[in-house]
Amino acid sequence: MSGIERVCISVNSVCNLKCTYCYFFLEPDKLPGPKVLSREDLDVILGNVERYGRRAEANKPVKVNFVGSGEPLMEWKSIHGAIAGLRERRPKHTVRFYTVTNGLLLSRKVVRQMRDVGLGPSISLDGPAHIHDATRVRHNGRGSHRATMKGIDALRAEGMPVAINVTMTREVVSNLEEVFDFIQEQGFEKAIFGRLVDVPEEHEVSTAEFYGALRRVAELKAERGLHQLEVGNLEAYRRALSGAPDRVCTMFGSTCGSGFHNIIYMQRDVYPCGRMVGIDRWKLGRFDEPLERFPERMAGITGTSGCGARYAEADRDPAGVDCLLEREREDYDPAPRKVFVQWMGGARDAGRLDRA
Ligand code: SF4
Ligand code: SF4
């Protein structure tokens, strides 16, 4: 077992956008409010992550992703300073850094700084303007597509590859071909298709619709021969089916790792994943504690043998365990993911999947 593989850090709870489905605005009471992790707090967290990555049994670099309940680049100065500071203290550290940003604050200077400290940005972009702007709006209600594309221009001007995070909104799922036309036309290097969860009914995309759309993504990529495009979710399922899953989250990957392999710092508190924030039962500890303590506490909540221990063998599948929160629901239906995994396995064996 590899231990914690992915650490998300939600530095703030403020955003320069007001997307219509964002839980940040829909359930503000769940969030810790305007507290922001300071540069010093981030130094403590990154120091703990780096130490954890050096333990003898570690067999994978730990990935740190600045993402969460706000726009991370609004705190770019602290984030940049903390990553650069870690490199000064530990020049040979193996921690990998990423961020998911709406792109509005990306300038060529920021992009250069990202490149210098080795941080990979991914831009939240839901396809062409009329699809993206249907939900990703500013505080004044206007669409944000143009501003996000300006951020992407800054990445390109600095020769950085463009990775995008597409949220599988109702608009995206209903217009996948058009979203793909746009991705193809733009020549993006990487895309991840994230699930939309815990939203009001009018925004809901069912599990069956999500996995159906993910299958269509794989088919479109193959039909169009988009070899340059890496689709993060499909690669995650491919690795899982080969027996090497990234145990992080089924919202954008293949396999749940909540608490044992995946944790989130929601400012000064630590939880197994972003969907558990604000629920006492799931709180794992404080930001300044050693990482080793969090999986131990998770074992105290869910049982000692790790993810999925409390679930019947029949509920597992070759891609590893499904979302812990969904498995806890009375109306949990494992079928859509099982069908998708079976299809992926068959398509891979028959050579019908396009490889990135
Ligand atoms: S950019 Fe992200 S955090 Fe900001 S409003 Fe949109 S979904 Fe919410
Ligand atoms: S419990 Fe669900 S949402 Fe949380 S990390 Fe696991 S798959 Fe993701």
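Just so you know, residue 1 is the first one in the sequence shown, and it goes up from there. Counting starts at 1 for both ligands and their atoms, following the listed order.
- A salt bridge links D246 with K60: the closest approach of a Lys/Arg side-chain nitrogen to an acidic carboxylate oxygen falls below 4.0 angstrom.
- Taking the six-membered ring for Trp and thresholds of 30 and 60 degrees, F340 and Y211 have ring planes inclined between 30 and 60 degrees apart.
- Counting only residues at least two apart or in different chains, side chain to side chain donor-acceptor pair (under 3.5 Å) contacts with residues 292-301 comprise E289-R293, E289-R297.
- Within the structure, ligand 2 lacks V197 among the residues with a heavy atom less than 4.0 angstrom away.
- For ligand 1, the atoms closer than 4.0 angstrom to any heavy atom of L17 are 5 (S).
- Listed by number with element, the atoms of ligand 1 under 4.0 Å from a non-hydrogen atom of C22 are 3 (S), 5 (S), 7 (S), 8 (Fe).
- Residue C15 counts as close to atom 4 (Fe) of ligand 1, with an N, O or S atom under 2.8 Å.
- Only protein atoms were considered; those of element N, O or S under 2.8 Å from atom 4 (Fe) of ligand 2 number 1.
- Residue-ligand proximity, V248 to ligand 2, at heavy-atom distances under 4.0 Å covers atoms 5 (S).
- Residue-level proximity to ligand 1 for R136 is carried by the side chain, the only part with a heavy atom below 4.0 angstrom.
- Sorted by first and then second residue, the ring-ring contact (aromatic ring centres under 6.0 Å, His included) pairs with a member in residues 152-176 form an empty list; sequence neighbours excluded.
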* C22/H203 under side chain to side chain contact (heavy atoms under 4.5 Å, CB included): CA gap, chis, key distance, verdict -> CA-CA 10 Å; C22 181; H203 292 292; over 6 Å; no
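- Cation-pi check for R327 over Y332 is not met; the charged atom does not lie both under 6.0 angstrom from the ring centroid and within 45 degrees of its normal.
- Partners of S78 by side-chain contact (heavy atoms from CB on, under 4.5 Å), not counting sequence neighbours, listed by chain and number: R39, L42.
- Both cation-pi conditions hold for R55 and Y52: the charged atom is under 6.0 angstrom from the six-membered ring centre and inside a 45 degree cone around its axis.
- Taking the six-membered ring wherever Trp is involved, the centroid distance between the rings of H80 and F66 does not fall below 6.0 Å.
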